[in-house]
Amino acid sequence: MTEQEIIRRDKLKELQALGIDPYPAEMFPVSAFAADIVANYQEELLDDGTKNRLNYQDVAIAGRVMAMREAGKALFMNLQDSSGRIQLYLRREEINGGDENSPMFDTVIKKLLDLGDYVGIRGFAFRTKTGEVSVHVQEFRFLSKSLRPLPIVKRDAEGHVFDAFTDPEQRYRMRYVDLTVNPEVRETFIKRTKLIKTIRAYLDELGLLEVETPILQPIHGGASARPFKSHHNTLDMPLYMRIANELYLKRLIVGGFDGVYEMGKMFRNEGMDRTHNPEFTMLEFYVAYKDYFWLMDVTEQMLERVARALSPDGGAVMRVGENDINFAGPYTRLTMFDAIRQHTGLNVETADESELRNYCRQNGIEIDATMGKAKLIDEIFGEKVEPHLIQPTFLIDYPVEMSPLTKKHRAKPGLVERFELFVNGKEVGNAYSELNDPIDQRERFEDQLRLAARGDEEAMALDDDFLRALEYGMPPTAGIGFGIDRLTMLFTGQTSIQEVLFFPQMRPEVDKG
RNA sequence: GAUCCCGUAGCUCAGUCGGUAGAGCACUUGACUUUUAAUCAAGGAGUCAUGGGUUCGAGUCCCAUCGGGAUCACCA
């Protein structure tokens, strides 16, 4: 234990010796929040020059003590609750209740109270000489003693931050500390929740049914990725953590629901970096009798609504890094081939494989011998086009080889009816007119099996029950998936996924008390 | 998985050419009846990530390991 921790434990014993319970059981009747008092306190100036305080004259507030400034027989604290901070003003005489021998002020508060302790106080709001709305404390109670020192972050009047708690490792491992001392972290997560609620409300209004589908799946389907594998003891069979829920949601469309959505965790056993966490949140929704054009309209409406909910001024334009991004539709719609033509001059439609390979070699795009034409196109797109798609852009009509669950294009042979949405140079959504032809779907699965046989660990497994479902008949359906974490990054201006997950995956901590 | 950078007090960081560990905040003791990065005086606090090596001597140089970050590969 460190010196400061030992001192705090000694203080805890001293409090108990004085008959003060540092961890009382009874509830504390909070009647106001710090930020509300600061924002709404009112007083009037009387003719004789004195002030008449108009509201918050009997408040009970609770929170952590985040700063203390002693001034002889008076003392100032900053109290932080869930809404923000407010200054407290304590006077020796009052805290001691007129009893000269009372230990309350000089011992209990000045010595035994630490920064970080939870306290509850009763008092009245007023404005100090320097103009700060504060609470004049009349009653003071310990609610929970803190045994470890918090990092002390200080801010001056101009908002300059001193000694910020910034080490990412410590911030992620001890998110509770991060949230306590870094208010902007709190704001990011509140925005995340607001984004999710806005999307839910929109989808509910559209009339979609929110559903839950299995996380433990006997066959991992619906995406190209490596799964986590587990084992069920009683059934004595392997189970996989889902990499996607697409095939289950489509079974529900087969079952007669017109529209379903699920927002939930997916799990992929792959590398981690600032845009990948082993578990992440996806939204998928599927709507019968629609196609991918309809989904583009819906996407525009949904994201505009999210932008308006999260932007400071209620507008559809969000500042992301150095870019002002306008989420009001309609968004640019560009075929993949046109996009590549615009940014490279290549005509990938007519080019053959060797021509594409030459282009990649000349432009420093890494390729290998196993890549077919579709894969080469994807590489060129990722290198040369994707980073330039700052304003929301629908990239439409992909080669069939890369999309085993997507309906073939109604007019263009070799392509599928698929789009991906790009914003700020990154993909945030992937959608298509769903393949509902069971015979075509079986062939696509068989193509995937051939890839798997060649060693592709991410090839999709054949799901016989899903094919059976399609054989019973699935109406024409449009479906889309959004990475909620990446959307959150976009709308909060964060550049790493760890900043939008409360508890990002970390390696085990080396033993330190 | 590969490469590079980082790890010193509770927090943020200095630490020169290899010569017995430093600052600010926090903490302790004291002063102060409206302070606000409060101020003033004094003091305590370190397995320099871990383990080896080189050296008379290592926070510093070398090797390995652990953890974090960045870039790349794979992916959403």
Side-chain angles (χ1 to χ4, degrees), chain A residues 1-8 10-11 66-78 85-94 105-106 110-111 114-116 126-132 134 136 146-174 177 181 223-226 243-244 266-284 366 368 378 382 420-421 426-430 456-458 481-487 489 495-498 504 506-513:
Chain A
M1 252 192 292
T2 66
E3 183 193 33
Q4 293 195 41
E5 288 174 87
I6 293 165
I7 289 168
R8 287 188 178 216
D10 290 343
K11 289 177 177 181
M66 296 302 284
M68 271 203 277
R69 294 176 291 280
E70 294 176 24
K73 296 189 176 102
L75 189 158
F76 294 89
M77 295 179 188
N78 290 344
R85 290 189 182 192
I86 191 167
Q87 176 167 269
L88 305 182
Y89 175 56
L90 292 83
R91 295 174 61 149
R92 182 175 197 274
E93 204 179 82
E94 278 172 285
F105 190 79
D106 292 299
K110 283 179 87 165
K111 289 208 190 334
D114 284 304
L115 298 187
F126 74 112
R127 200 180 283 277
T128 63
K129 220 160 59 180
T130 52
E132 178 157 351
S134 308
H136 189 124
S146 167
L147 296 181
R148 288 175 185 256
L150 284 169
I152 302 298
V153 181
K154 295 197 171 189
R155 288 174 179 77
D156 68 13
E158 281 84 49
H160 298 120
V161 177
F162 300 84
D163 300 330
F165 179 59
T166 52
D167 178 1
E169 175 170 6
Q170 299 209 67
R171 288 182 47 233
Y172 303 154
R173 287 196 196 282
M174 299 190 287
V177 173
V181 304
S224 301
R226 284 158 63 185
I243 56 173
M266 304 296 154
F267 308 85
R268 297 189 184 175
N269 205 343
E270 290 166 346
M272 295 158 52
D273 59 30
R274 69 176 199 287
T275 54
H276 296 84
N277 195 66
E279 57 179 283
F280 63 102
T281 303
M282 284 262 294
L283 162 69
E284 295 209 15
E366 279 186 45
D368 62 58
D378 193 40
E420 292 187 307
L421 174 65
K426 295 183 185 76
E427 187 214 323
V428 298
N430 179 22
D456 185 343
E457 286 185 76
E458 294 175 347
F482 287 97
I484 292 296
D485 312 286
R486 291 187 178 177
L487 273 184
M489 288 166 64
T495 54
S496 108
I497 197 169
Q498 285 82 9
M506 303 284 276
R507 287 199 165 79
E509 195 170 2
V510 280
D511 189 25
K512 305 174 187 165

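No hydrogens, no waters, no symmetry mates; every other heavy atom, side chains included, goes into these values. Chain letters run A, B, ... following the sequence lines, proteins first, then strands; residues in each count from 1. Note that this is a predicted model, so its numbers are computed, not measured.
Here, B:rC48 and B:rA9 have their P atoms 10 Å apart, quoted to the whole Å. Nucleotides B:rC61 and B:rA23 place their P atoms 23 Å apart, quoted to the nearest Å. Using atom P as the reference point in both B:rG30 and B:rG69, the two lie 44 Å apart (nearest Å). The separation of B:rA70 from B:rU54, taken at their C1' atoms, amounts to 32 Å, rounded to a whole angstrom. Remark: the separation of the C1' atoms in B:rC25 and B:rG19 is 31 Å, to the nearest Å. Comparing B:rC4 with B:rC17, their C1' atoms sit 26 Å apart, to the nearest whole Å. B:rC13 and B:rG51 have their C1' atoms separated by 27 Å, with the value rounded to a whole Å. If you take atom P in B:rA14 and the same atom in B:rU8, they sit 10 Å apart, rounded to whole Å.
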What does the list of N/O pairs under 3.5 Å between the protein and nucleotides 21-23 of chain B look like, with a distance for each?
none

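Each of A:E93 and A:N277 was matched to the nucleotide of RNA chain B holding its nearest heavy atom; the match closer to the 5' end belongs to A:E93. Between A:N430 and A:F126, the residue whose closest nucleotide on RNA chain B is further toward the 5' end is A:F126.
A:A164 comes within contact range of the sugar-phosphate backbone alone, with a heavy-atom separation under 4.0 Å but no base atom that close. If you check every strand for non-hydrogen atoms under 4.0 Å, A:M266 touches nothing. Within 4.0 Å (heavy atoms only), A:T2 reaches sugar-phosphate atoms of the nucleic acid but no base atom. Looking at heavy-atom distances under 4.0 Å, A:K111 makes contact with sugar-phosphate atoms alone, never a base. When heavy atoms are screened at a 4.0 angstrom cut-off, A:R155 is found touching the sugar-phosphate backbone but no base atom. Nucleic acid contact for A:F105: none, since no nucleic acid atom lies under 4.0 Å from a heavy atom of the residue. When heavy atoms are screened at a 4.0 angstrom cut-off, A:Y172 is found touching the sugar-phosphate backbone but no base atom. Residue A:R274 is classed as a sugar-phosphate contact, given heavy-atom separations below 4.0 Å to backbone atoms only. Residue-level contact check: A:F165 touches the backbone only, with heavy atoms under 4.0 Å from sugar-phosphate atoms and none from bases.
In terms of modelled atom types and a separation under 3.5 Å, the side chain of A:E5 and the main chain of A:T2 share a donor-acceptor contact. Proximity of a side-chain donor or acceptor of A:R69 to a complementary backbone N or O of A:F76 within less than 3.5 Å is not detected. Without hydrogens or angle criteria, A:E132 side chain to A:R127 main chain gives no donor-acceptor distance under 3.5 Å. Of the possible donor and acceptor atoms, one in the side chain of A:R268 sits under 3.5 Å from a partner among the backbone N and O of A:I243. Between the side chain of A:K154 and the main chain of A:V161, no donor-acceptor pair closer than 3.5 Å is present.
The shortest distance between side-chain heavy atoms of A:L90 and A:M77 falls below 4.5 Å. Side-chain contact between A:P504 and A:M272 is absent, with no heavy atoms from C-beta onward closer than 4.5 Å. A heavy-atom distance below 4.5 Å is not found between the side chains of A:F162 and A:R155.
Side-chain proximity of A:D114 to B:rU28, B:rC74, B:rC32: nearest is B:rU28. Picking from B:rU35, B:rG68, B:rC13 the nucleotide with the shortest atom distance to the side chain of A:K129 gives B:rU35. Which of B:rU35, B:rG67, B:rG68 sits closest to the side chain of A:P168 comes down to B:rG68. Nearest to the side chain of A:I152, among B:rU33, B:rC25, B:rU12, sits B:rC25. Among B:rC11, B:rC27, B:rG10, the nucleotide with an atom closest to any side-chain atom of A:P149 is B:rG10. Side-chain proximity of A:M506 to B:rG68, B:rC32, B:rU33: nearest is B:rG68. Closest to the side chain of A:L115, out of B:rC32, B:rC27, B:rU35, is B:rC27. Relative to the side chain of A:D163, the nucleotides B:rU33, B:rG24, B:rU35 differ in distance, and B:rG24 lies closest. Checking B:rU33, B:rC32, B:rC27 against the side-chain heavy atoms of A:E70 singles out B:rC32 as nearest.
Put simply, A:K154 has a side-chain N or O that comes within less than 4.0 Å of OP1 or OP2 on B:rA26. Put simply, A:R507 has no side-chain N or O that comes within less than 4.0 Å of OP1 or OP2 on B:rC66. For A:Q170, a side-chain nitrogen or oxygen approaches OP1 or OP2 of B:rC11 to under 4.0 Å. Side-chain N/O atoms of A:R69 include none lying less than 4.0 angstrom from OP1 or OP2 on B:rA37. A close approach under 4.0 Å does occur between a side-chain nitrogen or oxygen of A:R173 and OP1 or OP2 of B:rG68.
Atom pair A:M68:CE and B:rC25:C1' shows a separation of 15 Å (rounding to whole Å applied). Here B:rC11 presents its P atom at 10 Å from CD of A:E5, a figure rounded to the nearest Å. Atom CG in A:N78 sits roughly 17 Å away from atom P in B:rU34 (whole-Å rounding). Per the geometry, CG belonging to A:D106 stands 12 Å off P belonging to B:rU29, to the nearest Å. Distance, A:E169 CD to B:rA70 P: 13 Å, rounded to whole Å. Atom pair A:Q4:CD and B:rG46:P shows a separation of 12 Å (rounding to whole Å applied). Taking atom CD of A:E3 as the reference point, atom C1' of B:rA45 lies 4 Å away to the nearest angstrom. Between A:E427 atom CD and B:rC74 atom P there is a gap of 15 Å when expressed in whole angstrom units.
Atom CG of A:N277 is separated from atom CD1 of A:I497 by 5.5 Å, given to the nearest 0.5 angstrom.
One can find a donor-acceptor pair under 3.5 Å joining the base of B:rU35 and the side-chain atoms of A:Q87.
Under the ring pair (Phe, Tyr, Trp, His ring centres under 6.0 Å) criterion, A:F280 pairs with no residue at all, not counting sequence neighbours.
Defined by atom type and a distance below 3.5 Å, a donor-acceptor pair is missing between the side-chain atoms of A:R171 and A:T166.
Relative orientation of the A:F126 and A:Y89 rings is tilted, given thresholds of 30° and 60° on the angle between their planes.
The aromatic ring of A:F162 does not stack onto the base of B:rG24, failing the criterion of a centre distance under 5.5 Å from the six-membered base ring together with planes under 30° apart.
Electrostatic pairing of A:D114 and A:K11 counts as a salt bridge here, judged by a charged N lying under 4.0 Å from a carboxylate O. Taking the charged nitrogens against the carboxylate oxygens, A:K110 and A:E70 do have a contact shorter than 4.0 Å, which makes a salt bridge.
Scanning RNA chain B for stems, defined as runs of 3 or more consecutive Watson-Crick or G-U wobble pairs whose donor-acceptor distances all fall under 3.5 Å, gives the following ranges: B:1-7 with B:66-72, B:10-13 with B:22-25, B:27-31 with B:39-43, B:49-53 with B:61-65.
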